[in-house]
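Some notes on the structure that comes next.
Chain naming here is simple, since letters A, B, ... match the order of the sequence lines and numbering starts at 1 in each.
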Amino acid sequence: MGDKLIYLDHAATTFVKPEVVETMLPYFTHKFGNASSIYTIGRESKKAVEEARDKVAMALGAQSREIFFTGSGTEADNWAIKGVAYANKAKGNHIITTAIEHPAVLNTCQYLESEGFEVTYLPVDENGLVTPEQVAEAIKPNTILVTIMFANNEIGTIQPISEIGRVTKEKGVYLHVDAVQAVGNVPINVVDMNIDLLSLSGHKFYGPKGVGALYIRKGVKVTSFIHGGHQERGRRASTENVPAIVGLGKAIELATKNLEEYNRKLLTLREKTIEEITKRIPFVKLNGDRHKRLPGNINFSFEYIEGESLLLMLDMKGIAASSGSACTSGSLDPSHVLLAIGLPHEIAHGSLRITFGEENTQEDVDYLLDSLVTIVERLREMSPLYENVKRGNQNV
Amino acid sequence: MGDKLIYLDHAATTFVKPEVVETMLPYFTHKFGNASSIYTIGRESKKAVEEARDKVAMALGAQSREIFFTGSGTEADNWAIKGVAYANKAKGNHIITTAIEHPAVLNTCQYLESEGFEVTYLPVDENGLVTPEQVAEAIKPNTILVTIMFANNEIGTIQPISEIGRVTKEKGVYLHVDAVQAVGNVPINVVDMNIDLLSLSGHKFYGPKGVGALYIRKGVKVTSFIHGGHQERGRRASTENVPAIVGLGKAIELATKNLEEYNRKLLTLREKTIEEITKRIPFVKLNGDRHKRLPGNINFSFEYIEGESLLLMLDMKGIAASSGSACTSGSLDPSHVLLAIGLPHEIAHGSLRITFGEENTQEDVDYLLDSLVTIVERLREMSPLYENVKRGNQNV
Amino acid sequence: MYSDKVMDHFMNPRNVGEIENADGVGQVGNAKCGDIMKMYLKIENDVIVDAKFKTFGCGAAVATSSMATELVVGKTVEEALNITNKAVADALDGLPPAKMHCSNLAEEAITAAIEDYKRRNGLLDEKDECTACSRRCDDVHHHHMEEEE
Amino acid sequence: MYSDKVMDHFMNPRNVGEIENADGVGQVGNAKCGDIMKMYLKIENDVIVDAKFKTFGCGAAVATSSMATELVVGKTVEEALNITNKAVADALDGLPPAKMHCSNLAEEAITAAIEDYKRRNGLLDEKDECTACSRRCDDVHHHHMEEEE
Ligand SMILES: Cc1ncc(COP(=O)(O)O)c(C=O)c1O
Ligand SMILES: Cc1ncc(COP(=O)(O)O)c(C=O)c1O
């Protein structure tokens with residue numbers, strides 16, 4: 001193993017870019033003032049926070065006063081969904097989402113069900129897509145919110161958000177978009193796309209962990225989620241996390257500026273990898289849409305082997321990746337996303353997610369491919385399920 | 001003004017100690033792994049998080065598995081109060097708190113009132129104290145939670161938490177303590193004090209902003225507040241904010257280690273300042289208990305002048321302090337704490353809070369005192385309320 | 001937060017003080033709300049020739065008082081009555097939204113002092129009697145306006 | 001997460017493979033749950049003289065399989081039946097709480113292979129019939145135990 005690290009799990013989290021760390025540092029030490037204090041170093045912090053807000057707004061095509069900083073992408077999702085639910089319960093109690101949302105959305109919806117709300121979980125097709133028609137049909141007179149992720153964190157599938165936005169706008173229902181995986185990877189404009197609320201998280205695009213933002217279109221009715229002081233114009237209490245907010249601002253600015261080039265780079269790595277895996281390893285299946293997917297995302301199932309074993313062996317070779325196996329999902333079942341696109345449990349257990357980023361190279365891909373070929377073969381040799389395959393009987 | 005900065009607002013926030021920043025730094029750059037990932041750099045992050053958890057537990061006399069990291073002190077307060085309220089509503093719907101809590105607690109209680117809970121706001125005496133007897137008398141069969149702050153953020157008054165803990169334990173009611181101002185300033189042992197839940201926040205003791213912790217005694221029934229992934233043993237979702245958590249751990253370790261010496265230092269500065277202000281400036285009143293107060297806290301009302309003006313003039317001299325004036329409280333009224341201890345509005349507007357810390361010196365105190373004498377005199381000369389005083393008529 | 005001009009007028013306020021034999025004195029605001037302005041005017045031939053103030057209040061209150069005294073001097077009584085709160089705020093390069101009420105206070109202080117002058121000189125209609133001085137705090141404070149959207 | 005010993009048995013598993021003419025073969029677990037262990041035993045004079053395994057499963061599943069084969073060789077059938085899951089886990093310097101079920105699987109695989117041996121040799125009571133193989137996933141998985149306190 002040694003010190004080699006080929007990091008291929010950028011969807012889990014990213015390192016913070018040096019220039020981002022650089023902009024954050026002074027706010028830990030000599031520019032540490034509380035942004036709500038009126039003296040000079042307080043006002044400097046406030047100014048830094050507002051500049052970061054401008055940058056986030058700019059990146060989304062929003063107005064600065066529509067951006068609210070949070071402590072994570074998960075908090076933004078919780079706030080958006082619970083906030084709209086409670087603020088609009090006089091109007092209705094029905095929420096629409098999909099079966100493949102992140103737990104931050106799914107578990108929040110399940111919590112709301114326990115509180116008397118009604119939730120429709122739209123099924124997805126074998127590529128993980130929902131259609132605007134599905135959304136339109138699911139909307140009822142008591143529907144108050146549609147919450148659909150921009151891009152899936154496991155299989156990378158990108159939803160037709162613009163088209164869905166047209167539907168929700170026409171029907172007068174709020175649209176929340178969990179864009180935690182999309183921001184910094186795909187161009188987004190909340191106005192053009194008719195998005196009412198949007199969640200993002202700093203650590204997915206080379207910003208710091210523990211900071212996110214919620215876009216709330218002006219006029220949208222949302223109750224507060226974290227009550228307390230009057231920070232964030234009275235809507236999200238807690239002493240402003242100035243260094244992290246500044247870092248988020250810098251990171252989103254860099255991400256937006258470099259978007260095209262970054263995309264091109266990731267696409268090249270992705271396409272090469274998909275092509276080679278398909279060519280060099282038998283009994284594999286690409287999960288997620290072949291084209292409508294995040295530029296850096298690859299998700300394969302390798303039949304007859306289990307994901308955690310695969311990850312551990314890759315790790316021993318210095319490669320960091322992820323899997324939808326139950327052993328790594330922290331639950332009894334393999335990934336709900338892989339099950340929702342129709343994979344049987346046993347195939348879902350053998351999934352591998354690779355997500356490329358900034359620092360990856362063509363050599364990383366070559367090294368990954370060689371390692372993968374060996375490891376998959378080795379694990380299959382060890383697998384009782386593969387015996388039958390070798391004997392020519394694939395019906396295990 | 002120049003670059004001089006005498007920072008006397010440590011209750012608002014503190015700088016992050018260089019050794020704390022140092023321990024955080026690697027987790028931004030090369031040790032950036034997601035603590036929930038199973039590969040090497042993920043496991044390293046996990047280990048760092050667990051070590052920080054041990055340190056927090058150690059500082060409070062708790063077990064590590066009773067510590068849960070949050071995104072702020074405010075979030076910890078929201079979680080504790082809403083979490084206990086919703087988890088125990090079958091048992092009752094009554095909550096007891098005090099009139100002088102931080103907005104993180106007060107506004108959360110007010111929110112719960114709007115949701116059908118019943119809240120008793122215990123009044124405090126002229127020094128800001130509640131008594132265990134008041135708590136005992138307020139407890140009813142449907143009481144589920146008592147939430148009382150350890151030390152007040154404005155006037156520094158320290159409540160008799162141990163005695164209150166005996167009452168709540170005997171009556172079988174949960175006790176939540178907002179110890180955001182106390183941790184790092186006063187010794188705390190959650191077991192000895194019979195505390196069931198306790199909130200703290202990193203940036204009040206030279207740790208980073210945007211990270212806090214909630215202690216939940218084993219067995220206490222609390223629902224989750226932020227729903228999503230299975231981080232923090234399934235109880236607080238969001239990708240672990242590793243650098244901030246590591247920084248919090250380091251900061252609490254340092255604070256606990258240096259507690260006695262730090263206390264002695266602050267006490268000396270505090271006593272000197274109180275003595276001199278009382279001697280050199282007429283028409284002043286010390287707010288908060290003379291002795292049961294945080295070692296670094298001073299809160300004076302200066303009659304006939306308004307707090308924001310005072311702060312701005314101090315700021316021009318490079319001194320950063322705080323006030324309970326409406327102009328700085330962000331609300332229509334002056335500080336609810338100062339009103340609760342019986343100050344008339346006009347006196348509350350003229351309050352000044354000074355909170356000493358790590359880097360303050362005797363020279364800072366001398367400079368503060370000289371500045372204060374001049375500024376108070378100057379503002380009073382400008383004040384229409386003071387005219388009458390000078391004319392020997394103090395009934396304005 | 002505050003413009004340089006506000007800070008200048010706050011740190012170096014013009015015309016602080018009292019006028020011994022003022023022709024009009026007006027006091028508005030109330031200590032409970034945290035701001036009181038007292039304005040003294042010297043008026044000769046219907047022209048304001050001197051103005052002084054005393055203010056208990058925040059930075060903006062002091063700065064608007066200072067600016068208001070500068071604006072009225074040299075103006076006729078009627079011209080002075082036409083000075084709007086916006087004019088005071090503009091002359092200070094603007095005020096933060098939460099502080100706009102302070103410029104109201106300045107406008108009201110001018111009005112009150114002139115009314116006092118008129119009253120003393122029998123120039124006042126009953127119906128013009130000062131209405132500015134009796135406001136409640138929440139009429140003039142709008143700190144939360146923004147947040148209640 | 002895993003002890004060094006677990007990682008060693010995972011990366012360099014002992015006794016992977018099949019035994020051509022095994023005296024007992026047992027398979028437990030199920031692909032749906034993400035782990036299957038297949039254990040081959042060679043038994044002579046009631047003593048286990050060789051053991052091999054194939055496993056589809058996580059790191060702990062592979063390591064416990066490997067360790068289990070090491071533990072049974074040289075033991076009598078009855079001794080082997082007394083190997084507990086705790087013994088397997090202890091021999092690996094422990095397993096993370098969420099992975100303890102994998103050591104159950106190893107114990108069950110030994111039992112199943114020995115039952116197969118007994119069945120082939122007419123040594124089996126009806127009532128001893130293997131019960132290990134038909135469990136549902138949530139009988140053996142306890143990932144969330146900790147979290148549901
Ligand atoms: C799609 C999606 N939503 C929400 C989240 C939650 O973000 P965070 O972990 O920053 O709270 C994540 C990532 O963890 C994600 O991928
Ligand atoms: C007593 C008290 N409780 C809660 C808080 C909230 O902490 P944070 O701002 O970190 O959310 C603070 C400080 O702001 C406080 O002083």
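With a threshold of 4.5 angstrom between heavy atoms, B:Leu312 approaches chain C through its backbone and through its side chain. In this structure, chain B has a heavy atom under 4.5 Å from the backbone of C:Ala60, while its side chain stays farther away. Contact annotation for C:Met37: neither backbone nor side-chain heavy atoms come within less than 4.5 Å of a heavy atom of chain B.
Salt bridge status for C:Glu78 with C:Lys118: present, with a side-chain N to carboxylate O gap under 4.0 Å. Between C:Lys99 and B:Glu308 there is a salt bridge, with a side-chain nitrogen of the basic residue lying less than 4.0 Å from a carboxylate oxygen of the acidic one. Salt-bridge check for C:Asp8 with C:Arg14: passed, with a basic side-chain N closer than 4.0 Å to an acidic carboxylate O. One finds no salt bridge joining B:Asp333 and C:Lys32 here, because no Lys/Arg side-chain nitrogen approaches an Asp/Glu carboxylate oxygen to under 4.0 Å. In this structure, C:Lys86 pairs ionically with C:Asp90, as a charged nitrogen and a carboxylate oxygen lie closer than 4.0 Å.
By a heavy-atom distance cut of under 4.5 Å, B:Arg378, B:Glu381, B:Met382, B:Ser383 are the residues of residues 372-383 of chain B near chain C, going up by number.
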Less than 3.5 Å apart, which donor and acceptor atoms pair up between the side chains of residues 16-26 of chain C and the rest of the protein, not counting sequence neighbours?
{"residue": "C:Glu18", "atom": "OE1", "partner": "B:Arg391", "partner atom": "NH2", "Å": "3.3"}
{"residue": "C:Glu18", "atom": "OE2", "partner": "C:Lys54", "partner atom": "NZ", "Å": "2.9"}
{"residue": "C:Asp23", "atom": "OD2", "partner": "C:Ile43", "partner atom": "N", "Å": "2.6"}

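The distance between the ring centers of B:Phe283 and B:Tyr304 falls below 6.0 angstrom.
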